Participant: 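Mind having a look at this structure? Questions to follow.
All values reported here derive from a predicted model rather than from experimental measurement.
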Amino acid sequence: MTEKEIEIYYNTVLDIVSLAGKVVNAGFSAAKRIETKASAADLVTEFDQRVEEILIKHLQEKFPTHKFIGEESSSAGVQTVFGDDPTWIIDPIDGTTNFVHGFPFVAISIALAINKQVVIGVIYNPVLDLLYTAIHGKGAYRNGRPIKSSGQTDLALSQVAGEYGSSREPEVLTAKCQNLRVIIEKVHSIRAIGSAAMNLCLVAEGSCDAYFEYGIHIWDYAAGDLIAREAGAYTCDPSGGPLNLLHRCILCTATKKLAEQISPLLTHVNFPDD
Ligand code: LIP
């Protein structure tokens, strides 16, 4: 893939995301039909579905040979196939529960992977008008300005993002509460804003020093992983091994040193791969 081609993909996706952002914004304050998916706390609205359709339709028109992985297509039964072909990985509204409750941390998250490596990451929060972008090897940006992770190496001085997620399985909740309980003793603070994509952007821009979560999906963290790494942050599997986009978990830290302090404290939770 040439730099020129990547640039074309990037400029195209930015135009399409801006269009989709208008639909998210209109839906944010509108009445919506709310349904549940895997659990009573796993929500979806007609806007999630509509935004995903818009994104896929426009990208498909421009790049007919490209493949797609989308949250709502997957919920509708489309198999997740993560191969070597150029693949757009789409979460139309990351933070759907926030969207339902009018809590402004919602984002369209789109990654383009080629040979299973993410080369473009775009996360757009149209409510707060925050656009985070990265192209592999070219740094990370917020509304066009370069961003950098905090460089924090000391857990005791850290602000950490962690989430409860939407599973209500007792063992999962026990492990997640235990993890937050163990971490809070050792840090300045914990934040839970309800969007994996936004959490990764917070680490990328340095307002959180770390974020970890189990049970998320490839569309929640593919774009944010690239944006965070391009901003100088470190990402890995919470167990300490290399990050796997299909393993449904991530530990993202300002520095590797911080990951080495957090990983041994965590009770690891296994979810079936995407
Ligand atoms: C959400 C994630 C969030 C997690 C929620 C949910 P969705 O994604 O971004 O981090 O805690 O349970 O998975 O479903 O709003 O796209």
Side-chain angles (χ1 to χ4, degrees), residues 1-21 51-52 54-71 73 80-92 94 107-126 129-149 151 196-198 200-206 217-236 242-246 250 252-256 274:
M1 204 58 57
T2 64
E3 276 199 22
K4 185 81 202 143
E5 281 168 307
I6 302 282
E7 204 182 300
I8 291 169
Y9 300 150
Y10 177 73
N11 290 330
T12 305
V13 74
L14 284 189
D15 288 346
I16 297 172
V17 159
S18 152
L19 190 81
V51 171
E52 182 160 319
I54 292 171
L55 293 167
I56 294 182
K57 179 175 163 282
H58 283 82
L59 286 167
Q60 217 155 32
E61 271 168 20
K62 294 276 182 193
F63 313 117
T65 61
H66 288 189
K67 304 280 189 289
F68 294 88
I69 296 172
E71 175 172 21
S73 315
T80 296
V81 180
F82 189 38
D84 289 339
D85 290 334
T87 302
W88 294 94
I89 304 163
I90 298 175
D91 190 340
D94 187 58
I108 298 167
S109 175
I110 305 189
L112 174 66
I114 300 173
N115 296 322
K116 300 193 191 73
Q117 301 301 314
V118 175
V119 292
I120 293 174
V122 173
I123 293 177
Y124 180 43
N125 177 335
D129 196 23
L130 296 172
L131 174 68
Y132 296 87
T133 55
I135 296 177
H136 176 70
K138 295 192 181 300
Y141 297 82
R142 174 176 131 159
N143 293 346
R145 297 223 169 103
I147 49 173
K148 275 267 152 262
S149 54
M198 291 301 304
L200 289 163
C201 291
L202 293 180
V203 178
E205 69 186 7
H217 293 272
I218 184 169
W219 45 80
D220 294 315
Y221 64 106
D225 164 49
L226 180 70
I227 292 169
R229 285 187 288 110
E230 286 294 326
Y234 176 78
T235 62
C236 61
L243 184 78
N244 184 318
L245 288 178
L246 296 170
I250 189 168
C252 172
T253 51
T255 57
K256 189 170 183 211
D274 271 327

Participant: Side chains of Asn125 and Tyr132: do they bring a donor and an acceptor to under 3.5 Å?
Facilitator: no
Participant: Do the side chains of Thr253 and Val203 get nearer than 4.5 Å, heavy atoms only?
Facilitator: no
Participant: If I compare all heavy atoms of Lys148 with all of Gly232, which pair ends up nearest, and what's the gap?
Facilitator: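 Looks like NZ-N, 4.4 Å.
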Participant: To the nearest 0.5 angstrom, please state how far the CD1 atom of Ile56 sits from the CD atom of Glu61.
Facilitator: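 Answer for the CD1-CD pair, Ile56 versus Glu61, is 12.5 Å.
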Participant: Would you confirm whether Asp274, through its side chain, and Ile218, through its main-chain N or O, come within 3.5 Å as a donor-acceptor pair?
Facilitator: yes
Participant: Minimum heavy-atom separation for Thr133 to Leu14, with atom names?
Facilitator: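 Minimum heavy-atom contact is CG2-CD2, 3.9 Å.
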Participant: Check the pair Val17, Ile110 against side-chain contact (heavy atoms from CB on, under 4.5 Å), reporting the backbone distance first and the verdict last.
Facilitator: CA-CA 9 Å; Val17 159; Ile110 305 189; 3.5 Å; yes
Participant: Under 4.0 Å between a Lys/Arg side-chain N and an Asp/Glu carboxylate O for Glu52 and Lys57?
Facilitator: no
Participant: Enumerate the side chain to side chain donor-acceptor pair (under 3.5 Å) contacts for residues 108-117, please, sequence neighbours excluded, ordered by first and then second residue.
Facilitator: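 Residue pairs passing side chain to side chain donor-acceptor pair (under 3.5 Å), neighbours aside: Asp84-Lys116.
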Participant: Rounded to the nearest 0.5 Å, what's the gap from CD1 on Ile8 to NZ on Lys62? Could you check?
Facilitator: 10.0 Å
Participant: Minimum heavy-atom separation for Gly121 and Ala223, please, with both atom names.
Facilitator: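 Scanning both residues, the minimum pair turns out to be CA-CB, 3.9 Å.
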Participant: Evaluate the side-chain contact (heavy atoms from CB on, under 4.5 Å) criterion for residues Val122 and Leu131: first the C-alpha distance (whole Å), next the side-chain angles of each, then the deciding distance (0.1 Å), finally the verdict.
Facilitator: CA-CA 7 Å; Val122 173; Leu131 174 68; 3.9 Å; yes
Participant: Checking the side chain of Glu230 only, and the main-chain atoms of Gly139 only, is there a donor and an acceptor separated by less than 3.5 Å?
Facilitator: yes
Participant: For Thr12 and Tyr10, indicate whether the former's side chain and the latter's backbone hold a donor-acceptor pair under 3.5 Å.
Facilitator: no
Participant: Does the side chain of Tyr221 come within less than 4.5 Å of Asp91's, by heavy atoms?
Facilitator: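 They are not in side-chain contact.
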Participant: How far does OG1 of Thr65 sit from CG of Asp85, to the nearest 0.5 angstrom?
Facilitator: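 Thr65 atom OG1 to Asp85 atom CG measures 7.5 Å (nearest 0.5 Å).
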Participant: Using the six-membered ring wherever Trp is involved, compare the ring planes of His66 and Tyr9 and label them parallel, tilted or perpendicular (cut-offs 30° and 60°).
Facilitator: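 Perpendicular: the ring planes of His66 and Tyr9 meet at over 60°.
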Participant: If you look at every heavy atom in Thr235 and Ala228, which pair is closest and at what distance?
Facilitator: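 Minimum heavy-atom separation between Thr235 and Ala228: CG2-CB, 4.4 Å.
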Participant: Check whether any side-chain heavy atom of Val81 sits under 4.5 Å from a side-chain heavy atom of Lys67, and report yes or no.
Facilitator: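 Not touching, per the 4.5 Å side-chain cut-off.
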Participant: Knowing that exactly one of Asp220, Leu243, Val118 qualifies, which makes a side-chain contact (heavy atoms from CB on, under 4.5 Å) with Asp225?
Facilitator: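 Of the listed residues Asp220, Leu243, Val118, the side-chain contact (heavy atoms from CB on, under 4.5 Å) partner of Asp225 is Leu243.
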Participant: Under the criterion side-chain contact (heavy atoms from CB on, under 4.5 Å), I'd like the reasoning laid out for Leu59 against Ile90: C-alpha separation, chi angles, the key distance, then a yes or no.
Facilitator: CA-CA 11 Å; Leu59 286 167; Ile90 298 175; 4.2 Å; yes
Participant: For the side chain of Asp94 and the backbone of Ala196, is there at least one donor-acceptor N/O pair under 3.5 Å apart?
Facilitator: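 Side chain of Asp94 to backbone of Ala196: a pair is present.
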Participant: In this structure, are over 12 heavy atoms from other groups packed under 6.0 Å from Glu3 atom CD?
Facilitator: no
Participant: Does the side chain of Ile123 come within less than 4.5 Å of Ile108's, by heavy atoms?
Facilitator: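 In short, these two side chains do not touch, never coming nearer than 4.5 Å.
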Participant: Please answer whether the main-chain N or O of Ala204 pairs with a side-chain N or O of Ser149 as donor and acceptor at a distance below 3.5 Å.
Facilitator: no
Participant: Considering residues at least two apart in sequence or located in another chain, which fulfil the side chain to side chain donor-acceptor pair (under 3.5 Å) criterion with Lys256?
Facilitator: none
Participant: Side chain of Asn11, backbone of Glu7: donor and acceptor closer than 3.5 Å?
Facilitator: yes
Participant: Between atom CZ of Phe82 and atom CG of Leu245, what is the distance when rounded to the nearest 0.5 Å?
Facilitator: 5.0 Å
Participant: Which heavy atom of Ile89 sits nearest to which heavy atom of Trp219, and what is that distance?
Facilitator: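 In terms of heavy atoms, the two residues are closest at CG2-CA, 3.6 Å.
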Participant: What distance separates Leu226 CG from Ile120 CD1, expressed to the nearest 0.5 Å?
Facilitator: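 Answer rounded to 0.5 Å: 9.0 Å.
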Participant: Quick one: CG on Leu200 to SG on Cys252, what's the gap to the nearest 0.5 Å?
Facilitator: 5.0 Å
